[in-house]
Amino acid sequence: VTLPTPAGVTPCYVRLRASPARDRVAALSDCGQGAAQQLVVYRSDGSLAFVATLPPPSPTRSDLSRFTVTGGQAVWLARPATGGGSELIRADENGVQVVTNPPLNANVSDLAMRGGSLYAATDSGVREVSLQDGSLSQTVALATVANRLYGSDRLLGAWLSGAGSQALIIWDGTRSGAAFFTSDLRDLSFAPDGNAYALTSSTLTRLDTVTGLNQSGRQSSEVGSGLIDARAVTWLIGP
């Protein structure tokens with residue numbers, strides 16, 4: 001299924017995310033050079049839910065923008081703020097709101113939903129984010145230092161990029177364990193069958209999340225190879 005590009009959107013798509021229930025999928029179009037970013041959100045039947053044009057990012061930092069889709073139609077996006085720290089932006093069919101004003105002091109490198117809770121990867125660990133005002137919890141939900149987060153209805157994946165081969169940590173709110181080691185994780189999607197699918201630039205690997213949580217060894221199998229500069233993978237459940 002090819003999702004149509006709406007009128008008025010320049011298709012410079014750089015990231016793709018689905019909601020925890022896998023009934024919404026959002027794409028971020030970012031053409032760089034200080035151009036306004038656009039979020040395009042689709043329903044599970046492929047119809048367009050809404051398009052949101054975001055305030056222009058810092059021209060040299062737009063590639064650091066990260067976003068996640070909540071349980072409804074809202075999308076939360078984190079990106080570096082001018083002068084330091086991070087700003088959180090909320091977009092839905094009613095418009096766009098900069099939630100954190102002034103910006104957060106913390107550097108938020110990614111966002112992900114686990115069930116109905118929003119989490120942020122920060123320099124001090126993974127913290128829960130208030131859906132009301134964007135504030136960060138005082139306690140660390142997951143002490144793992146990460147700059148990439150991936151969520152589902154019950155699991156959260158955390159990974160540190162730019163540091164060689166690193167463990168992908170899977171967390172269920174209580175237990176955590178290493179499920180995969182790589183230096184080139186492009187994306188991760190949790191599937192309804194209980195597996196996770198890890199994407200690199202050239203391969204797609206199926207991961208058994210149960211063995212990862214039990215820390216009793218990893219079971220993985222390559223299900224796709226020969227990909228060329230793959231960027232994103234996600235699940236979407238149709239009506």
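In what follows, every heavy atom counts, from backbone to side chain, and hydrogens, waters and symmetry copies are set aside. Residue numbers start at 1 and run along the sequence shown. Note that the structure is a prediction, hence the values are computed from the model and not measured.
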Where is the tightest heavy-atom contact between [X] and [Y], given as atom of each residue plus distance?
X: R127; Y: S137; answer: NH1-O, 3.1 Å
X: W159; Y: Q166; answer: NE1-O, 3.2 Å
X: E222; Y: T203; answer: OE1-CG2, 3.7 Å
X: S135; Y: D133; answer: OG-OD1, 2.7 Å
X: S176; Y: I169; answer: CB-CG2, 3.9 Å

Can you hop from [X] to [Y] via hydrophobic side chains spaced under 4.5 Å?
X: V99; Y: L54; value: no
X: L77; Y: L88; value: no
X: L156; Y: M113; value: no

Check for a donor-acceptor pair, side chain of T10 on one end and backbone N or O of C12 on the other, with a separation under 3.5 Å.
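Looks like no, no N/O pair under 3.5 Å.
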Contacts of P11 meeting side-chain contact (heavy atoms from CB on, under 4.5 Å) (sequence neighbours excluded), chain-then-number -> T5, Y13
Residues in side-chain contact (heavy atoms from CB on, under 4.5 Å) with V223, at least two apart?
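Residues passing side-chain contact (heavy atoms from CB on, under 4.5 Å) with V223: Y197, L204, R206, S221.
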side-chain contact (heavy atoms from CB on, under 4.5 Å) assessment of V69 paired with V25
CA-CA 7 Å; V69 185; V25 64; over 6 Å; no
Pairwise distance CG(L111) to CH2(W76) - rounded to 0.5 angstrom
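CH2 of W76 is found 8.5 Å from CG of L111.
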For Q138, I'd like to know if atom CD has over 12 heavy atoms of other residues, nucleotides or ligands within 6.0 Å.
no
Can you confirm whether N105 is buried at CG, in the sense that more than 12 heavy atoms of other residues, nucleotides or ligands lie under 6.0 Å from that atom?
no
Going by side chain to side chain donor-acceptor pair (under 3.5 Å), name the pairs with one or both residues in residues 94-103, residues two or more places apart or in two chains.
none
Applying salt bridge (charged side-chain N to carboxylate O under 4.0 Å, His left out), can you list everything that pairs with D153, at least two apart in sequence or on another chain?
none
Going by the rule salt bridge (charged side-chain N to carboxylate O under 4.0 Å, His left out), which residues pair with D123 if we only count those two or more places apart in sequence or in a different chain?
none
Under a 4.5 Å cut-off applied to non-hydrogen side-chain atoms, are [X] and [Y] in contact?
X: L3; Y: V40; value: no
X: S86; Y: P103; value: no
X: Y42; Y: P4; value: yes
X: S201; Y: R186; value: yes
X: L39; Y: V96; value: no

With sequence neighbours excluded, give me every ring pair (Phe, Tyr, Trp, His ring centres under 6.0 Å) pair touching [range].
range: residues 86-139; result: Y119-W171
range: residues 86-115; result: none
range: residues 92-113; result: none

Could you pull out every donor-acceptor pair under 3.5 Å between side chains of residues 142-151 and any protein atom, sequence neighbours left out?
| unit_1 | atom_1 | unit_2 | atom_2 | d |
| --- | --- | --- | --- | --- |
| N147 | OD1 | S161 | N | 2.8 |
| N147 | OD1 | S161 | OG | 3.1 |
| N147 | ND2 | S161 | O | 3.4 |
| N147 | ND2 | S161 | OG | 3.3 |

Tell me which one of V140, L136, N107, L104 satisfies side-chain contact (heavy atoms from CB on, under 4.5 Å) with T122.
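Filter result, single survivor: L136.
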Taking only residues two or more places apart in sequence or in another chain, which ones pass side chain to side chain donor-acceptor pair (under 3.5 Å) with T53?
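With neighbours one apart ignored, the set is empty.
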Quick note, salt bridge (Lys or Arg N to Asp or Glu O under 4.0 Å) partners involving residues 107-118, not counting sequence neighbours, are R17-D110
According to the salt bridge (Lys or Arg N to Asp or Glu O under 4.0 Å) rule, which pairs have a member within residues 84-104, sequence neighbours left out?
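Listed by first then second residue: R79-E87, R90-D92.
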